[in-house]
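To keep things clear, I will list the structure first and then write my remarks on it.
Below, chains carry the letters A, B, ... as their sequence lines are ordered, and counting in each starts from 1. Just so it is clear, the model here is predicted, and its values are computed rather than measured.
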Amino acid sequence: MLDPRILADDPDLVKAHLMRRNADDGLIHSVDEFGALTSQRNALIAEGDELRSARNTLSKQIGGLMREGKRDEAEQIKAKVAAGKDRIAAIDGELETIETQRHALAMAIPNLLHDDVTPGNGEEDNVEEHRWGTPRPDTTDSHVEIAERLGILDGERSTKIAGARFAVLRGAGARLERALINFFLDVHTNEHGYEELMVPYIAHRSVLEGTGQLPKFEKDLFKLEGGLNGQDAFLIPTAEVPVTNLHGGEILDAASLPIKYTAFTPCFRSEAGSAGRDVRGLIRQHQFHKVEMVWFVAPEDAEAAHEALTGHAEAILQKLGLPYRKMTLCGGDISFAAHKCYDLEVWLPSQGTYREISSCSNFGTFQARRMGLRYRPEPVNGKKSKPRAAATLNGSGLAVGRTLVAILENYVQPDGSVMIPEALRPWMGGIKSIVPSA
RNA sequence: GGAGUCGUGACCGAGUGGCCGAAGGUGCUGGAUUGCUAAUCCAGUGUGGGGUACAACUCCACCGAGGGUUCGAAUCCCUCCGACUCCGCCA
């Protein structure tokens, strides 16, 4: 959520950002609606407060008169108070309607963009920052062929359980998935200073609203029928959701920042609207594994944190020797809640192209405002500071399934075996390669 | 699943219809004092919103959440959520 003051007081600024995002007219118009509702709201609040103030004064008088035993006088004042009662109720009713609308509008307006984010229509307009590593010159079989030849992926039987977009890994394949998870977590906790978390994989509606998946993108989520603990509930699409919301509603101590968490979770996505895309293999699944990094920082430190966090994801790719490039997403491709976003794309030799394996976003104070996450800055001149919205960031470090794909394709040997990157071998029980099982 | 206790400010903890935005304590901040540390004393110390210069000031709301009763509710009633204890069940 944007700062409601900016939204109401500087509509032109907000609209300019929406244009850079390629937003439709309805959304742009909603900024003006928000402004109009805010004026109405403020007028009603002023009137209501005045009436309430009068009522409070009179009620106090009643209390005094009752104690003195002057019942008749008290009754007279009661009648006066009763006169204003209906108007107060009417104002509260109107106000509730307006606040509901206003909140709905505010929740549907995406974040402001960083100056580095260029206008654009979609993926094709993203800006490449740099490349690392040298892609192998040849084209390989896809990871599906490689894995099935090795007997580590059971493409046929997986559909028995839940249909398309699920996988069954076996033997060294399952081991490789698990090794990657542990490798990622160990690097982030031991070398990058993160605290590891294990979190719930189900989240309430309000939690998804906090990070920005809702209210706009409900169709992308798996919803639990009947809800949970009395509220609507969904399977998490990323660890970002439970981890970022961990401090929702809190006022953090400035001294505790930055807070850096890493968490492994499965991620569940309906992939509505991507029918026909990446149907074969492990690239696009309804359920996949990911290790996520999440930061909480003071807003002025967010940019530096964004670079550091992205560097931590890059470090993993480099350790694994996987060629990649770093992209800055354009206004047409960046997500709803993000202020600025880098995608890391890994080289897939079978496709002859780079594919997203990590997305590292700086949300500024957008998510924090939605979930009531604040921090108290250090005192200024001995005076206690007011709480301010904190900044949040997150990034994949990395998507596990896609890393497994990248390893299979980048390390497949002419004999069909797959070499294990040296850095990963300790997590694979020391084996140097996966060879076809007899 | 059954039975019970309970949800108050950064924390602990009073408060059963008006004088409570909320005693007291702890913590924190500033000051005084003490030749060090400790101690002592004084003062200050919630959040959100409206008006105004997003100042001073002032008004309104907030005692788990949402409703209700009342001239008036932290205090009474209802629903929900959450925590804890005991029993049962279970990985």
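- When both pairing distances are held under 3.5 Å, U45(B) makes a Watson-Crick or G-U pair with G27(B).
- For Lys216(A), the NZ atom is densely surrounded, since the number of other residues' heavy atoms within 6.0 Å is greater than 12.
- Shown here is Asp72(A), whose CG atom has no more than 12 heavy atoms of other residues, nucleotides or ligands within 6.0 Å.
- Among the nucleotides U47(B), C59(B), G50(B), the one closest to the side chain of Ser53(A) is C59(B).
- If you look at Phe366(A) and Phe336(A), their ring centroids are closer than 6.0 Å.
- Taking atom C1' in both U34(B) and U40(B), the straight-line distance is 9 Å, to the nearest Å.
- Here Asp9(A) lies out of heavy-atom contact (under 4.0 Å) with every strand.
- If you take atom C1' in G15(B) and the same atom in G27(B), they sit 22 Å apart, rounded to whole Å.
- When both distances must be under 3.5 Å, the Watson-Crick or G-U wobble mate of U40(B) is A32(B).
- As rounded to whole Å, 15 Å separates atom C1' of G50(B) from atom CD1 of Ile88(A).
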_Pair Ser142(A), Glu145(A) - check side-chain hydrogen bond (donor to acceptor under 3.5 Å, both in side chains), show working._
CA-CA 6 Å; Ser142(A) 92; Glu145(A) 275 84 45; 2.9 Å; yes
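- Put simply, Arg374(A) has no side-chain N or O that comes within less than 4.0 Å of OP1 or OP2 on U47(B).
- A side-chain donor-acceptor contact under 3.5 Å links Thr392(A) and Gln367(A).
- The gap from the C1' atom of A65(B) to that of C81(B) amounts to 7 Å, rounded to the nearest Å.
- For the pair Met66(A) CE and G72(B) C1', the interatomic distance rounds to 10 Å; values are reported in whole Å.
- Between Pro387(A) and Asp49(A), the residue anchored nearer the 5' end of RNA chain B, judged by the nucleotide with its closest heavy atom, is Pro387(A).
- Nearest to the side-chain atoms of Arg55(A) among the listed nucleotides G50(B), A61(B), C81(B) stands A61(B).
- When both pairing distances are held under 3.5 Å, G7(B) makes a Watson-Crick or G-U pair with C81(B).
- Look at G18(B): its Watson-Crick or wobble partner, with both distances under 3.5 angstrom, is C71(B).
- Taking the P atom of each, U75(B) and U70(B) are spaced 16 Å apart, rounded to whole Å.
- Pair check for C57(B) finds G51(B); Watson-Crick or G-U wobble, both atom distances under 3.5 Å.
- Between G51(B) and Asn42(A), a contact under 4.0 Å exists linking OP1 or OP2 to a side-chain N or O.
- Ring centroid separation for the pair His247(A) and Tyr261(A) comes in under the 6.0 Å cut-off.
- Taking only side-chain nitrogens and oxygens, Arg41(A) comes nearer than 4.0 Å to OP1 or OP2 of G50(B).
- Listed pair Arg5(A) / G50(B) meets the phosphate criterion, a side-chain N or O lying under 4.0 Å from OP1 or OP2.
- Comparing the same atom, P, in C89(B) and in C76(B) gives a spacing of 38 Å after rounding to whole Å.
- Between A61(B), G72(B), G18(B), one nucleotide has an atom nearer to the side chain of Ile62(A) than all others, and that is G18(B).
- Whole-Å rounding puts the Glu250(A) CD to G64(B) P distance at 18 Å.
- Across the C1' atoms, U58(B) and U5(B) are found 44 Å apart, a figure rounded to whole Å.
- Following rounding to the nearest Å, Glu99(A) (CD) and G66(B) (P) show an atom-to-atom distance of 14 Å.
- The CG atom of Leu252(A) sits 13 Å away from the C1' atom of A10(B) (whole-angstrom rounding).
- Residue Lys386(A) has a polar side-chain atom (N or O) positioned under 4.0 Å from OP1 or OP2 of U47(B).
- What separates NZ of Lys60(A) from C1' of C60(B) is a distance of 12 Å, to the nearest Å.
- Taking atom C1' on both A73(B) and G68(B), the two are 12 Å apart, rounded to the nearest angstrom.
- Judged by closest nucleotide on RNA chain B, Ile45(A) is the one of Gly48(A) and Ile45(A) placed further toward the 5' end.
- Distance Glu47(A) CD to G50(B) P: 17 Å, rounded to the nearest Å.
- Distance check on atom P: A14(B) versus G25(B) gives 15 Å, rounded to whole Å.
- In summary, Arg41(A) and Glu99(A) engage in a salt bridge, as defined by a charged side-chain N under 4.0 Å from a carboxylate O.
- Ala82(A) comes within contact range of no nucleotide atom at all, as no heavy-atom separation falls under 4.0 Å.
- Listed pair Asn56(A) / A61(B) meets the phosphate criterion, a side-chain N or O lying under 4.0 Å from OP1 or OP2.
- Rounded to whole angstrom, the span from the CZ atom of Arg71(A) across to the C1' atom of G72(B) amounts to 15 Å.
- Comment: Arg388(A) engages Glu300(A) in a salt bridge, judged by a side-chain N to carboxylate O separation of less than 4.0 angstrom.
- Within the 4.0 Å cut-off from OP1 or OP2 of G46(B), not a single side-chain nitrogen or oxygen of Arg376(A) is found.
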